[in-house]
Every structure is written in structure tokens, then in C-alpha cells.
2 protein chains.
Amino acid sequence: MTAGQRAKNNTESVDNYLKAILYLSGVAECRVTIKALSERLLVAPASVTNMLQKLAAAPVSLVKYERHRGVQLSASGKRRALEVVRHHRLIETFLYEVLDYPIDEVHEEAERLEHFISERFEERIAAKLGDPRVDPHGHLIPTMDGKMPERLPRDLILLSDVEEAGAYLIDSFSDRSVNTLRLIEACGIAPEVRLRVKKCAPKGYEVSVGRSTKIFDLSREVARDLRLMRLPK
Amino acid sequence: MTAGQRAKNNTESVDNYLKAILYLSGVAECRVTIKALSERLLVAPASVTNMLQKLAAAPVSLVKYERHRGVQLSASGKRRALEVVRHHRLIETFLYEVLDYPIDEVHEEAERLEHFISERFEERIAAKLGDPRVDPHGHLIPTMDGKMPERLPRDLILLSDVEEAGAYLIDSFSDRSVNTLRLIEACGIAPEVRLRVKKCAPKGYEVSVGRSTKIFDLSREVARDLRLMRLPK
DNA sequence: TCGCGAATTTAGGTATACCTAATTCTTAGG
DNA sequence: CCTAAGAATTAGGTATACCTAAATTCGCGA
């Protein structure tokens, strides 16, 4: 490194690797393969190996990495990853609640900004929003001290796995597909709203949302993005 | 360029060069020297030459550059520079008005975020703020169509150039020094507020602000950052 | 237990945006 | 009008974060 250049770990890129590892290792926190990371990040496997070697060798190492045996986050890697997720979900909530963004535009903007906001910005939007527990999709927001909050033990199920008609509460939905999000929003689907499943056919679902009696047809595609909580009959 | 890589002009770095040229070329839009840019951007002169050559050679060239004769913005360069300045000043206003930032923290955050917000974000905060004309320092905000708005012709003078006691209106102040900003704010100085100059000594100034009769001593240092409008006697 | 195919790693390269050192150009003063 | 100081440019290098292609290594099934 030449004089006048500072080591800049903690780049956008590093953040994205950490987030991807966090996501892929899941609740079990198991090892993540290079291939899985490569696919999620849309980056060649060789590039992933390279980056992981750097992350592991960093002065304060962000991942535990052994050749041919996959990666896991280290304690500090996990802390950083959760901080970025906190940024992401707070920004989404802020865009939705304060700036009246359409729900399907919230993810892309947050994906960029999450890397560049300061601690102060984080603190101010959290305050403005009253320290929200979930984002507009119903996903839990990690706490300021870098932990994922426990959720009340809920009996969760994807709509696509529902096999009998009945009453449910909407827990959360994926932020992946813009089209699905538009559709979901158009039906009035939102976290903590009641969903009544009228019929489940192999091709799709008939549901009503909230107090409305209007019936919507949802495809299996959409149903895979909807996470519900069973309500007692 | 390898397959799978897209040309990414319009980087943060490019934006900063364009802003610096805009600033240094001033109202007269005269040519800017490599040395001046090098000093403003804290980058070696050789790096500046390099970057300018790229900017001039780009498919849609952002600057007019001739070896040994300095640079000027092209029409599209100027448009882009003004867009970034618009982002900067809107973000500053937003942080100050909506997120209750202290005025001395507004510049640094905006300096980072200005490069990463989308058109939608710009549009939404502008709407939220009611399309403000000036930022919290009193600086004019370029319009959506990329022009610097005309200001009413005002008879402007720096406090440091004032030689006789009298009444003035505060037009704007520099966002450069955090210390100066704190001091300025503590005195209640803000755009469009009345300032009464009681005494101007070679070492400093005695002033009162707004309706208050309290007297503040301002150093020449601070006075150089304060732009005033003369009020008729 | 051996070998083959998939996963991973190494080796070598590109573009960006910097840097220093060496060279060339400009121009202002004698 | 000529020269030397200072400005600008060229040449050659660094770090980051990618890439492709060519080795490796692992582990599963015959």
C-alpha cells in the first residue's frame, strides 16, 4: 500500500458478502459454499474464493474460512452483517412511511443506501419512526446493539403450503419480485392483516383480505412469497 | 473491457470532479487549472490530468479540455454538476428540516449521499420540503431541469468587508468550517434574518441578531463566512 | 478403494482511480 | 528574445474487485 492511501475494508462489496453469508447460513448458522455465494452475488466462484481469503486474513477477520470447507461469519462479521440489515430495513421503513414510496421501489433504493448512511442517519430515522420492530414487508429489524430480535414463537406457514381453508394472519412477504409486490399491495396485503383462505386448488388460491369480502385469486408463484400465521379456529 | 463488465462513468469520483470544476470556474465560467483542481480535490496533479483526459474522451464528453490550457464544463457536464449540487442541497435541507440534524453535520452526510440517491428519492424529498429555493445555509438549489435559479439582484457583501455600522439581512453562510457553523447557529444567525452591525474593529465585529438586543462578538474569521444584504437606512 | 465429476483454488488479466518520478511545455522577467 | 520556474503531462506502479482458463481437491458411487 502506497503512502497516502488508507486501507478501506468495509466497502460496499464486503458488506454484500457478509449479508449473503448471513442469509445463506440461515438460522442454523451452517457453513456456506462458494458456489452458493457465487450464485447469490452473481460473481464468479474464483472471485468469491479470493474475497473470502481477504476477509479471513483481515486484521480483524470477518469470516471463518477453511479451504474447501466453506465459510461462516465470525462474531464481528455477524455484527457487521446485522448492522447492514438493520440499515436496509430501517431505510425501507423510512422510504415507505415518511417518503411515501411505492412498496415495490423500496428495496432497490435501500440496497444502495444501506452502505452509505452514517450512524447519525440511522439513529435519526429510527427515532422518527419510533424504533420500529419490523419493516414494511414484516421482516424483523435487528437491534441497535447488533442482534436479531426474538420473535414471539409463531406457527408460521407459507401460503403455498396451506392445504385447507381457514383464517390466518399475514406475517411477512418477500421483497424479491416487483410484480408480486405490486399485486400484494393491490390486494391490501400487509403485515398483521387478516387473510381468509377460501379455496386452495393446485393452481392457486382464493383469499379475502382484512375486513373486505372481495375475493382475490393468487397464483402459486405469489403464494410462495407469503408467510402466514395460523389463527385458532 | 471484459465481457460482463459495464462501462461505469458517472461514478462518485467523476461527480466530484464536475462539482469542483463548476465551483472553481465560478459565475464567469472561466477555464480551471489542473493545479486548482488538484488542490480542491486533494489529488495529485497527474491524477487530475488523467481523469480530465478520460472525461473529455468519453462517448458523451463532460468537459472541454485542451492540453496545457485548463478545463471547462461541457453542456452535459454542467447539467450533471448542477444535478449533483441539487442533490447535495436538497439532502442538506432534508436532514436539517425533517431529520433535525445539527447544522454542522449536514454537509458531510450530504457529501456522501448526493452520489447515491435515485431520481425518485430526489423527487420525494423535494416534494416533502415543498420545493425549497435555498438550503439551510442560504445557498440556492438548482432546479429540476438543471439550471441555477436567478436570484433577485441583491447588493451582497461579506461581513468581513463591512466598514460601517448598520442594518443588514443575512443572505447565506459557508458550510466549510464546523466550528464556525456551531458559532453561527448559537447566535441565531440564519438566512433571511436581520443582522445589526454595531461596531467593526480590525479584529472583529459586534453584532446583534434578529429582534434580540444581545450583542455577539464575531471574529474576522467568522465574518469571512457570512454573506449579507445591505438594507436601506 | 478408486476414479470421475463437481467444487474449489490458483494463475494471470482488466478497468478504475489513485500515486511518484521524470519529462515537457509555457510564460513572465531579465 | 531567451531562460528558468512552475505547471502540466507522460511513464510506470499500487490496491480493489472483478474476470477467464487451467490446475487442484474432495467425496460419492461403482
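Heavy-atom basis, side chains included; hydrogens, waters and symmetry copies ignored. All chains are named by letter (A, B, ...) in the order of the sequence lines, taking the proteins before the strands, and each is independently numbered beginning at 1.
No hydrogens or angles considered: a donor-acceptor pair under 3.5 Å links the side chains of A/Asp145 and A/Thr143. A donor-acceptor pair shorter than 3.5 Å can be found between the side chains of B/Glu114 and B/His88.
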Nucleotides 5-12 of chain D: protein proximity per nucleotide (B base, S sugar-phosphate only, - neither; heavy atom, under 4.0 Å):
--SSBB--
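Salt bridge A/Arg31/A/Glu66: present, at least one basic N to carboxylate O contact under 4.0 Å. Between A/Arg120 and B/Glu105 there is a salt bridge, since a side-chain N of the basic residue sits under 4.0 Å from a carboxylate O of the acidic one. Salt-bridge formation is detected for the pair B/Glu83/B/Arg80: a Lys NZ or Arg NE/NH1/NH2 atom is positioned less than 4.0 Å from an Asp or Glu carboxylate oxygen. The existence of a salt bridge linking A/Glu92 and A/Arg89 is excluded, since no basic side-chain nitrogen approaches an acidic carboxylate oxygen closer than 4.0 Å.
In this entry the distance linking CZ of A/Arg31 with P of D/dC26 reads 14 Å, nearest Å. Taking atom CG of residue A/Asn16 and atom C1' of nucleotide D/dT16, one finds them 15 Å apart after rounding to whole Å. Counting to the nearest Å, the P atom of C/dA17 and the CG atom of B/Leu18 are 12 Å from each other. Going from atom CE of B/Met51 over to atom P of C/dC19 covers 11 Å, rounded to whole Å. Atom NZ of A/Lys54 is separated from atom C1' of C/dT9 by 15 Å (rounded to the nearest Å). Going from atom CG of A/Leu41 over to atom P of D/dC18 covers 8 Å, rounded to whole Å.
Phosphate contact (OP1/OP2 of C/dC18, side-chain N/O of B/Tyr17, threshold under 4.0 Å): present. For A/Ser13, no side-chain nitrogen or oxygen approaches OP1 or OP2 of D/dT16 to under 4.0 Å.
At the heavy-atom level, B/Leu42 lies under 4.0 Å from the strands shown only through sugar-phosphate atoms. Within the 4.0 angstrom heavy-atom criterion, only backbone atoms of the sugar-phosphate kind lie near B/Val43; the bases stay farther away.
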